[in-house]
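Working notes, structure below.
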Amino acid sequence: MVCKTDPLVQKVCELYEQISSLESLKPSKDVDMLFTQLVVTCMPPSPIDVTKLCKRIQEIRSKLIPLCGEAEGLLESHFSTILGSYENPLDHLNIFPYYSNYLKLSQLEFNILSKHCSNVPSKVAFVGSGPLPLTSIVLASFHLTATSFHNYDIDLSANSKALQLVSSDPEISERMFFHTTDIMDVTNALKDYDVVFLAALVGMDKDAKVRVIDHLAKYMAPGALLMLRSAHGARAFLYPVVDPCDLRGFEVLSIFHPTDEVINSVVMARKFPMTKHSVEHPLGPRKLPNKFFDIEMFNPLNHVNLLEELDIDEE
């Protein structure tokens, strides 16, 4: 069985044992070293389908993803505190070690958004923005320079730190809003957004992720776009996977699997318009045609190689 023989899986299991035995996941030499090894192990393109691994490895993965999420949150909180000590925090974002990855990911998401959005969105929501809302900041600064961003996080401390980062910038702060609430408690306000971004770590397991997606499907405006982050191959040991069948109530437009240091896959979907069919079948996912292409998307910051773009032609 692949679980017992695959060296990648064996390495992930070894790293999980070491990570799970740490007293704390706060940034430190040991924490940084172990998670760097984990990312380097899982980053190369891999044919592994995590859903087909044996039960023991599935259980390890289900425990590893929350550990990755906790460590990521602590890392972002740590650097948000450091950045907040500067007079103009946004001038020093490059001290965050993964800032360049966010630049590439935001460029990628903007390119995808531009392909499927005929008008520049006026209001965007980011669900799970955290203490270091780099996607919102990068998009607001470089790509969507007239758009307002509404950042949702359940953690008051995270929002307080995030607000501190943008408050000294008169232009960005006017377009950046922070809401401390569980997105499952947000209803009619979701209809105001042209685009909703769902962070990778909102919904740590499949059931939780699907509950959030179903909630968004119920309250987002018909025709609004949903941008989700997923994972592919061995990268699914780091982040939850969003499958097209999870997107009930949405038309899946495209799925991009980067093969470089941008870890997350990007899924773009559109809320079904309210038609007679959608009223009768409100959460029926659209069957996807089996169309796969190998493409390279131009990125001014870097050429991002994309593997297996699943792209559904607009009708």
Side-chain angles (χ1 to χ4, degrees), residues 1-17 19-20 35 37-72 105 128 198-217 226-260 262-269 283-294 306-312:
M1 180 177 271
V2 67
C3 295
K4 296 180 179 179
T5 60
D6 191 294
L8 186 153
V9 173
Q10 290 178 351
K11 181 64 175 177
V12 169
C13 291
E14 291 172 9
L15 290 168
Y16 164 73
E17 293 298 333
I19 289 169
S20 61
F35 278 100
Q37 287 183 37
L38 181 63
V39 170
V40 169
T41 299
C42 296
M43 186 185 297
S46 167
I48 285 179
D49 181 349
V50 293
T51 64
K52 296 179 180 178
L53 297 174
C54 63
K55 183 179 179 181
R56 183 179 73 87
I57 305 302
Q58 296 274 16
E59 290 174 351
I60 287 174
R61 174 178 175 262
S62 69
K63 295 174 183 177
L64 182 58
I65 289 175
L67 292 174
C68 291
E70 181 182 351
E72 186 173 312
L105 178 59
L198 184 61
L201 294 171
V202 174
M204 289 286 196
D205 58 47
K206 176 69 75 174
D207 290 342
K209 181 78 74 176
V210 169
R211 283 196 298 272
V212 174
I213 292 170
D214 285 350
H215 179 78
L216 296 175
L226 177 62
M227 183 86 78
L228 309 96
R229 292 171 183 174
S230 181
H232 183 66
R235 299 172 184 216
F237 282 110
L238 308 174
Y239 291 103
V241 174
V242 178
D243 293 311
C245 61
D246 299 329
L247 290 159
R248 299 181 295 182
F250 292 93
E251 174 191 13
V252 179
L253 301 175
S254 64
I255 301 174
F256 291 85
H257 298 308
T259 59
D260 66 351
V262 175
I263 300 297
N264 290 119
S265 300
V266 179
V267 181
M268 169 67 82
L283 292 179
R286 180 173 179 176
K287 186 177 180 181
L288 300 177
N290 186 25
K291 292 173 60 182
F292 291 89
F293 304 90
D294 289 336
L306 301 169
L307 177 67
E308 292 184 68
E309 178 200 11
L310 188 156
D311 193 29
I312 291 78

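- The side chain to side chain contact (heavy atoms under 4.5 Å, CB included) test applied to Asp49 returns Thr51, Lys52, not counting sequence neighbours.
- Here the CZ atom belonging to Phe237 is positioned 9.5 Å from the CG atom belonging to Leu38, to the nearest 0.5 angstrom.
- With values rounded to the nearest 0.5 angstrom, Cys54 atom SG is found 8.0 Å from Ile60 atom CD1.
- Counting only residues at least two apart or on different chains, no salt bridge (charged side-chain N to carboxylate O under 4.0 Å, His left out) pair has a member in residues 57-72.
- Between Ala199 and Gly128, the shortest heavy-atom contact is CB-O, 3.5 Å.
- Counting all heavy atoms, side chain and backbone alike, Val241 lies closest to Ala231 at CG2-O, 3.6 Å.
- What you find for Leu67 and Tyr16 is that their closest heavy atoms are CD1-CE1, 3.8 Å.
- Panel note: side chain Lys209, backbone Val202; a donor-acceptor pair is recorded below 3.5 Å.
- Residues forming a side chain to side chain contact (heavy atoms under 4.5 Å, CB included) with Lys11 (at least two apart in sequence, or on another chain): Glu14, Leu15, Gln37, Thr41.
- Residues satisfying the side chain to side chain contact (heavy atoms under 4.5 Å, CB included) criterion with Ala71, sequence neighbours excluded, are Leu25, Phe35.
- Leu198 is not listed as a side-chain neighbour of Val242, based on a closest heavy-atom distance of 4.5 Å or more.
- Residues passing the side chain to side chain donor-acceptor pair (under 3.5 Å) test with Ser265, sequence neighbours excluded: His257.
- Of all heavy-atom pairs between Gly203 and Ala208, the closest is CA-CB, 3.8 Å.
- A search for salt bridge (charged side-chain N to carboxylate O under 4.0 Å, His left out) contacts involving Arg229 returns Glu109, not counting sequence neighbours.
- Asp243 contributes no side-chain N or O that, together with a main-chain N or O of Cys245, makes up a donor-acceptor pair within less than 3.5 Å.
- Remark: Lys206 NZ to Ser62 OG distance equals 13.5 Å, nearest 0.5 Å.
- Looking at residues two or more places apart in sequence or on another chain, you find a side chain to side chain contact (heavy atoms under 4.5 Å, CB included) between Met43 and Val39, Arg235, Glu261, Ile263.
- Once rounded to the nearest 0.5 Å, the distance linking OG of Ser230 with CG of Asp246 reads 8.5 Å.
- Under the side chain to side chain donor-acceptor pair (under 3.5 Å) criterion, Asn264 pairs with no residue at all, not counting sequence neighbours.
- How far CD1 of Ile255 is from CG of Leu247: 8.0 Å, rounded to the nearest 0.5 Å.
- For the atom pair CZ (Arg248) and CG (Asp214), the distance works out to 4.0 Å, reported to the nearest 0.5 Å.
- Legend: residues meeting salt bridge (charged side-chain N to carboxylate O under 4.0 Å, His left out) with Asp205, ordered by chain and number and at least two apart, are absent.
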